[in-house]
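Only one structure is covered here, and it is reproduced in the block below.
Remember, predicted model here, so these are calculated numbers, not experimental data.
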Amino acid sequence: MRLSAYFLPTMKETPAEAEIVSHRLMLRAGMIRQASAGIYSWLPLGLRVLKKIERIVREEQDRSGAHEVLMPTIQSADLWKQSGRYDDYGKEMLRIEDRHGREMLYGPTNEELITDIFRSAVKSYRDLPKMLYHIQWKFRDEVRPRFGVMRGREFLMKDNYSFDLDYEGSKRAYNKMFVSYLRTFARMGLKAIPMEADTGPIGGNLSHEFIILADTGESEVFCHRDFVDFDVLGSAVDYEADLEPLVQSWTKLYARTDDKHDQAVFEKEVPEDKRLNRRGIEVGHIFYFGTKYSEPLGALVATPEDEQVAVHMGSYGIGVSRLVGAVIEASHDEAGIIWPEPVAPFKVGLMNLKTADAACTQACDETYAKLGGAGVEVLYDDRDERPGAKFNGMDLIGLPWQLIIGPRGLDKGLVELKERRGGEREELSLESALARLTA
RNA sequence: CGGAGCGUAGCGCAGCCUGGUAGCGCACCACACUGGGGGUGUGGGGGUCGCAGGUUCAAAUCCUGCCGCUCCGACCA
């Protein structure tokens, strides 16, 4: 992408509304614009990141055996009345009346709707298990939206729902999601720690939150220090195998959010030098809730004995738009964002130090074409600007690599390559730089 | 929803206390200089001072109401 043609409204100064670092950087890097409290427009650079995160989430969901659907943002109140949540949900649910006076709502979650879809189609245990997910905008009219996209009112969420004949089946689904989540977050360069969590208004009794440790996190968390060194990407996962041992290995050490925390147990199970008490960002939450919705909504299937039983369900959420903020909270420095490569909006920032120099510009243009031809995503600062006025937002927008080409270096056959993380510049030949970036 | 604060040009702010008809920096436009990382100089453009009432000869400034936004707390992907 040529910067001269792109829409990248960066800011030197931070808008007064932004308090935490990810919010400030997202605004300054031209990723988002606030539309109203807790509601954001995504600008090109931010949207690229959002899409990359979404794609990783989708790939890992598919890999685990889930099937993608897409349910609407607007739902009818009827199903919610059946489940009993129309009254329970309170003011957080945005209620709308259509022109015929029918009660509608902007979906804060989709248990009811997916259960309705399921019950209308599945009648037998033979069709189980099933996992259905979608990635859709949700609306929760938070009392107090804050922290930019980390706690918006409108947010993009992946929510998956599992359907099984019994608890054992549900536990297998739960384990799949558990493992899938570890891999999903790891692919984004995040260390997410699964912690025992409260089930909240969704209900149920088996629940983990996936927490990114960060000082600006919203909740207090307690866990065993060894979690910090756990590595998940090491081996591929066979989702058809028994995942229980793997899940056990991730749940045997103490890790709980503050509502589940028990100081006495913490001190008993974790040696003092291994106790970690930090703040964390919740990026995922998985629940088993049995027949909480299938019973009131009549999602019944026939067993092998031809009995009608309510299916056991679980739901599994990932805050996709929140993750954009979470990645930044976990990865930045004074100068700006440091994108992990898998979610970076571009891999390389290419900078022409002297656009007035024909040879330099030609070298830059050719480099841009070569990188593009090799499938490398490049943001190319090709603008004809004065020397000191050169866009210096490359550190701010945090692309993994910066390739800097100027006439002085070209005379010696050298260009500069800078890795954003670490920030050291290296002089090398253009060929070596290209080889490095296309490797 | 309890507590605190803020709305003045695209962004950051001053002016308000003590009313006299709006200013600074960045950004933007033009020209010149300049070319190894958020230039320099000169000249410009842009604002119903959140909205509505009120007080006054006169309101960004004082009073009342409303709207919007932020922060701290309780709630949540």
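- In this structure, A/Arg144 reaches the B/C72 phosphate: one of its side-chain N or O atoms is under 4.0 Å from OP1 or OP2.
- Aromatic ring centres of A/Tyr174 and A/His312 lie farther apart than the 6.0 Å criterion allows.
- The residue A/Gln402 sits close to a base: some heavy atom pair falls under 4.0 Å.
- Look at B/G25: its Watson-Crick or wobble partner, with both distances under 3.5 angstrom, is B/C11.
- Residue A/Ala37 has its side chain nearest to B/C69 when only B/G35, B/G37, B/C69 are considered.
- Here the nucleotide nearest the side chain of A/Ala356, chosen from B/G37, B/G35, B/C75, is B/G35.
- Residues A/Gly90 and A/Arg95 come closest through the heavy atom pair O-NH2, 2.8 Å.
- Taking the P atom of each, B/A9 and B/C51 are spaced 11 Å apart, rounded to whole Å.
- Rounded to a whole angstrom, the distance from the C1' atom of B/G73 to that of B/G54 is 37 Å.
- Position along RNA chain B of the nearest nucleotide to A/Leu156 versus A/Gly406 favours A/Gly406 as the more 5'-ward residue.
- Rounded to whole Å, the P atom of B/G36 lies 36 Å from the corresponding atom of B/G46.
- Results of the side-chain hydrogen bond (donor to acceptor under 3.5 Å, both in side chains) test with A/Asn352 over A/Asp357, A/Asp382, A/Thr361 single out A/Thr361 as the only residue that passes.
- Rounded to a whole angstrom, the distance from the P atom of B/G19 to that of B/C11 is 31 Å.
- Nucleotide B/C75 holds its C1' atom 11 Å from the OH atom of A/Tyr89, rounded to whole Å.
- The phosphate of B/G12 has neither OP1 nor OP2 within less than 4.0 Å of any side-chain N or O from A/Lys12.
- Shown here, B/A4 forms a base pair with B/U70; the pair counts as Watson-Crick or G-U wobble because both key distances fall under 3.5 Å.
- At distances below 3.5 Å, at least one donor-acceptor pair connects side-chain atoms of A/Tyr181 with backbone N or O atoms of A/Gly317.
- Counting any heavy atom pair closer than 4.0 Å across all strands shown, A/Ser36 reaches sugar-phosphate atoms only and no base atom.
- Here A/Arg33 lies out of heavy-atom contact (under 4.0 Å) with every strand.
- Distance check on atom P: B/C17 versus B/C33 gives 49 Å, rounded to whole Å.
- Look at CG on A/Leu396: it is 10 Å from C1' on B/G38, rounded to the nearest Å.
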Donor-acceptor contacts under 3.5 Å from residues 187-197 of chain A side chains, at least two apart:
from, atom 1, to, atom 2, distance (Å)
A/Arg187, NH1, A/Glu59, OE1, 2.9
A/Arg187, NH1, A/Glu60, OE2, 2.9
A/Arg187, NH2, A/Glu59, OE1, 2.8
A/Lys191, NZ, A/Val228, O, 3.0
A/Lys191, NZ, A/Phe230, O, 2.7

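- When heavy atoms are screened at a 4.0 angstrom cut-off, A/Val283 is found touching the sugar-phosphate backbone but no base atom.
- If you check every strand for non-hydrogen atoms under 4.0 Å, A/Ser321 touches nothing.
- With a cut-off of 3.5 Å on both pairing distances, the Watson-Crick or G-U wobble partner of B/U40 is B/A32.
- Between B/G50 and B/C16, the distance separating the two P atoms is 15 Å to the nearest Å.
- Atom P of nucleotide B/A77 and atom CZ of A/Phe210 are separated by 14 Å, given to the nearest angstrom.
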Sub-3.5 Å pairs of nitrogen or oxygen atoms, protein against nucleotides 5-9 of chain B:
none

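- Although no hydrogens or angles enter the test, the distance criterion places a donor-acceptor pair under 3.5 Å between the side chain of A/Ser429 and the main chain of A/Ser432.
- The distance between atom CZ of A/Arg383 and atom P of B/A27, rounded to the nearest whole Å, is 12 Å.
- Among A/Thr257, A/Val265, A/Asp258, A/Asp262, the one residue that satisfies the side chain to side chain contact (heavy atoms under 4.5 Å, CB included) test with A/Phe222 is A/Asp258.
- Separation of the A/Tyr288 and A/Tyr167 ring centroids falls under the 6.0 Å cut-off.
- In this structure, A/Gly152 reaches the bases: a heavy-atom distance under 4.0 Å links it to at least one base atom across the strands shown.
- Checked by atom type, the side-chain pair A/Glu111/A/Ser315 shows a donor-acceptor distance below 3.5 Å.
- Distance from the side chain of A/Ala16 is smallest to B/G12 among B/A77, B/G12, B/C1.
- Within the shown strands, nothing qualifies as a pairing partner of B/C49 under the Watson-Crick or G-U definition with both distances less than 3.5 Å.
- Among B/A77, B/G38, B/C75, the nucleotide with an atom closest to any side-chain atom of A/Arg146 is B/C75.
- Between A/Arg408 and B/G36, a side-chain N or O to OP1/OP2 separation shorter than 4.0 Å is present.
- Comparing the same atom, C1', in B/G25 and in B/G35 gives a spacing of 25 Å after rounding to whole Å.
- A/Glu218 places its CD atom 11 Å from the P atom of B/C71, with the value rounded to the nearest Å.
- Residue A/Pro9 is classed as having no contact, given no heavy-atom separation below 4.0 Å to the nucleic acid.
- In this structure, the CE atom of A/Met11 is 21 Å from the P atom of B/G25, given to the nearest Å.
- The partner of B/G20, taking Watson-Crick or G-U wobble pairs whose two distances both stay under 3.5 Å, is B/C57.
- Rounded to a whole angstrom, the distance from the C1' atom of B/G12 to that of B/U18 is 27 Å.
- Along RNA chain B, the nucleotide closest to A/Val149 and the one closest to A/Glu13 are compared, and the more 5′ of them pairs with A/Glu13.
- The ring pair (Phe, Tyr, Trp, His ring centres under 6.0 Å) with A/Trp80 is formed by just one residue from the set A/Tyr106, A/Tyr293, A/Tyr86, A/Tyr89; it is A/Tyr89.
- If you measure from atom CD of A/Glu17 to atom P of B/G12, you get 7 Å, rounded to the nearest angstrom.
- When each of B/G38, B/G37, B/C1 is scored by its nearest atom to the side-chain atoms of A/Met394, the top-ranked nucleotide is B/G37.
- The cationic atom of A/Arg140 (NZ for Lys, CZ for Arg) does not lie both less than 6.0 Å from the six-membered ring centre of A/Phe155 and within 45° of the ring axis.
- Ranking B/A77, B/G36, B/G38 by closeness to the A/Glu416 side chain, first place goes to B/G36.
- When rounded to the nearest whole Å, the span between CZ of A/Phe147 and C1' of B/C72 equals 10 Å.
- Put simply, A/Lys158 has no side-chain N or O that comes within less than 4.0 Å of OP1 or OP2 on B/A77.
- Within 4.0 Å (heavy atoms only), A/Gln34 reaches sugar-phosphate atoms of the nucleic acid but no base atom.
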